[in-house]
Number of protein chains: 2
Amino acid sequence: MSVADEPTGVKDETWLPTTAYVLLGLLSFGQRLTGYELRQWALGSTRFFWAAPAMSQIYRELDRLERGGLVDERDESGDAGRARTTYGITDEGLGELRRWIDDAPSDEPVIRHPAAFRLFLGHLADADKLRTRLLAHRDWLDGLLADLDEVRTGLVGDDRIAYPALVADWGLEFFGAERSATDDVIGRIDVSGPIRADPG
Amino acid sequence: MSVADEPTGVKDETWLPTTAYVLLGLLSFGQRLTGYELRQWALGSTRFFWAAPAMSQIYRELDRLERGGLVDERDESGDAGRARTTYGITDEGLGELRRWIDDAPSDEPVIRHPAAFRLFLGHLADADKLRTRLLAHRDWLDGLLADLDEVRTGLVGDDRIAYPALVADWGLEFFGAERSATDDVIGRIDVSGPIRADPG
DNA sequence: TGTAGCATGTAAGCCGTTACATGATTGA
DNA sequence: TCAATCATGTAACGGCTTACATGCTACA
């Protein structure tokens with residue numbers, strides 16, 4: 001396909017989906033985890049910057065990772081006990097993760113924000129319902145910030161978690177700003193009343 | 001399929017993908033647009049809160065919308081000219097859009113932020129490359145903020161665009177905070193040097 | 001003259017979702 | 001004892017992407 005033989009130095013430039021690196025990243029902290037636990041951990045940490053995929057997707061991704069030798073599988077079901085398979089990152093997995101971190105193209109952040117979109121179309125909305133939604137969104141942000149604050153509190157200590165702490169601070173600023181912006185919007189809607197394109 | 005006839009009051013609770021409502025929302029401002037223009041408009045406005053889908057997806061969505069009678073299609077190719085099909089929102093389309101705005105479930109915002117994720121794994125990264133990426137991300141945010149500021153400037157005047165102006169302000173706060181958070185991170189990395197879990 | 005932008009699609013494939021299915025363990 | 005949580009999957013499907021294909025128009 002290429003015009004000529006690839007010049008030396010051009011390596012394999014194929015990458016796994018980012019979600020795979022999120023799983024590897026979680027495992028890179030050293031613990032062996034089950035698929036279920038991986039999701040709990042994702043929900044407790046990476047979800048602040050990477051929406052956690054469904055369980056079924058995690059299991060499928062772990063399958064692929066295992067087939068590729070990037071994680072290893074271990075059956076830790078007690079005899080007659082509950083099925084339990086743990087996953088750990090392999091040396092190849094760690095290498096691939098490092099390769100991604102250093103050399104994969106920088107994708108832009110993707111944001112899908114239904115609350116902001118509804119506000120954008122405020123002139124078509126029922127004023128009360130819009131207001132209720134904005135209040136609910138503010139509550140949701142409060143919950144998120146509380147969770148993140150708790151995470152941040154737990155992130156003091158050794159160097160291993162210095163970067164996660166940095167990200168937690170970043171998120172606190174980021175979501176804090178969204179919280180206050182949402183509050184501003186609620187205030188501006190309240191004082192001016194519903195804004196209508198067509199009077200009457 | 002249902003156990004019994006639906007009780008009265010329970011309406012059709014099926015929804016189109018949100019991207020369909022983004023297209024309807026863009027068309028709700030009154031202009032007839034081509035698929036291509038729709039994408040340009042999405043890139044210039046809604047992308048700040050809803051990542052614009054690929055062209056091919058827009059065309060497919062417009063097809064479905066047209067088949068459902070929510071938009072109408074008009075061939076505006078000049079004779080022997082370039083092919084050009086414009087789309088306009090119908091009354092049904094406006095009704096369905098209003099229905100979504102008022103009654104569809106509030107989905108949580110989805111965020112996928114590779115830059116934040118890389119920072120999270122900073123202990124595995126090459127320090128120089130990570131720094132370069134963060135600098136590039138700051139530049140990207142500067143560009144985004146400049147674009148958004150321009151949008152905001154154009155959004156003064158009639159009530160029809162009062163809500164979009166509100167959203168632009170929200171975005172300015174939001175992305176401005178991310179910009180300053182990114183700056184903070186760069187500063188903290190610079191003063192402390194690369195943080196390593198394993199010394200040496 | 002040639003390139004960038006305008007304009008419209010098709011095809012293939014992957015990521016991720018929801019719904020469904022199963023069963024063990026913990027604690028109220 | 002019953003419900004919530006732990007734990008693991010399969011099946012079907014849909015949204016969205018990339019790659020490919022085509023051709024016109026404006027402009028440097």
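Every value quoted in this text rests on a predicted model; they were computed, and no experiment measured them. Numbered from 1 within each chain, the chains take letters A, B, ... in sequence-line order. Just so you know, these numbers use all the heavy atoms, side chains as well, and skip hydrogens, waters and symmetry mates.
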Asker: Please report, rounded to the nearest Å, how far the C1' atom of C:dG9 is from the CZ atom of B:R84.
Answerer: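 B:R84 atom CZ is separated from C:dG9 atom C1' by 17 Å.
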
Asker: Specify the separation, in whole Å, of atom CG of B:L38 and atom C1' of C:dC6.
Answerer: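 Taking atom C1' of C:dC6 as the reference, CG of B:L38 is at 15 Å.
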
Asker: On DNA chain D, check which nucleotide each of A:E37 and B:T18 is closest to and give me the residue with the more 5' one.
Answerer: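 Between the two, 5'-proximity favours A:E37.
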
Asker: Closest heavy-atom contact between B:L43 and B:A52?
Answerer: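 Of all heavy-atom pairs spanning B:L43 and B:A52, the closest is CD1-CB, 3.5 Å.
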
Asker: Indicate for each nucleotide in nucleotides 15-21 of chain C, in 5' to 3' sequence, whether protein heavy atoms under 4.0 Å reach the base (B), only the sugar-phosphate (S), or nothing (-).
Answerer: SBBB---

Asker: Without decimals, in angstroms, what is the distance between A:E76 CD and D:dC6 P?
Answerer: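 Result: 17 Å.
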
Asker: Any chance the side chains of B:T34 and B:R84 put a donor and an acceptor closer than 3.5 Å?
Answerer: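 Per modelled atom types, B:T34 and B:R84 side chains form no pair under 3.5 Å.
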
Asker: Could you tell me how the ring of B:F117 sits relative to the ring of A:W50: parallel (under 30°), tilted (30 to 60°) or perpendicular (over 60°)?
Answerer: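 Tilted: the ring planes of B:F117 and A:W50 meet at 30° to 60°.
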
Asker: Do any side-chain nitrogens or oxygens of B:Y59 fall under 4.0 Å of OP1 or OP2 in C:dG9?
Answerer: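 For C:dG9, OP1/OP2 do not have a side-chain N/O of B:Y59 under 4.0 Å.
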
Asker: What is the separation between atom CH2 on A:W41 and atom P on D:dC6, rounded to the nearest whole Å?
Answerer: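 Atom CH2 in A:W41 sits about 14 Å away from atom P in D:dC6.
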
Asker: Could you state the atom-to-atom distance from OH of A:Y36 to P of D:dT5 in whole Å?
Answerer: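 After rounding, the reported distance stands at 8 Å.
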
Asker: Can you tell me how far CG of A:L155 sits from CD1 of A:I161, rounded to the nearest 0.5 angstrom?
Answerer: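 Rounded to the nearest 0.5 Å, the CD1-CG separation comes out at 4.5 Å.
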
Asker: Let me know the distance between CG of A:L62 and P of D:dA7, rounded to the nearest Å.
Answerer: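 In whole Å, D:dA7 P lies 14 Å from A:L62 CG.
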
Asker: For the pair made of CG in A:L33 and P in D:dA7, what is the distance, rounded to whole Å?
Answerer: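 One finds 11 Å between P of D:dA7 and CG of A:L33, rounded.
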
Asker: Look at the side-chain heavy atoms of Ile, Leu, Val, Met, Phe, Trp and Tyr, link any pair under 4.5 Å apart, and say whether A:L97 and A:W15 land in one connected group.
Answerer: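 Cluster IDs for A:L97 and A:W15 match.
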
Asker: Rounded to whole angstrom units, what separation is found between the OH atom of A:Y87 and the P atom of D:dT8?
Answerer: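 For the pair A:Y87 OH and D:dT8 P, the rounded distance is 7 Å.
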
Asker: With side chains defined as the heavy atoms from C-beta onward, is the minimum distance between A:D107 and B:R112 less than 4.5 Å?
Answerer: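 No, their side chains stay 4.5 Å or more apart.
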
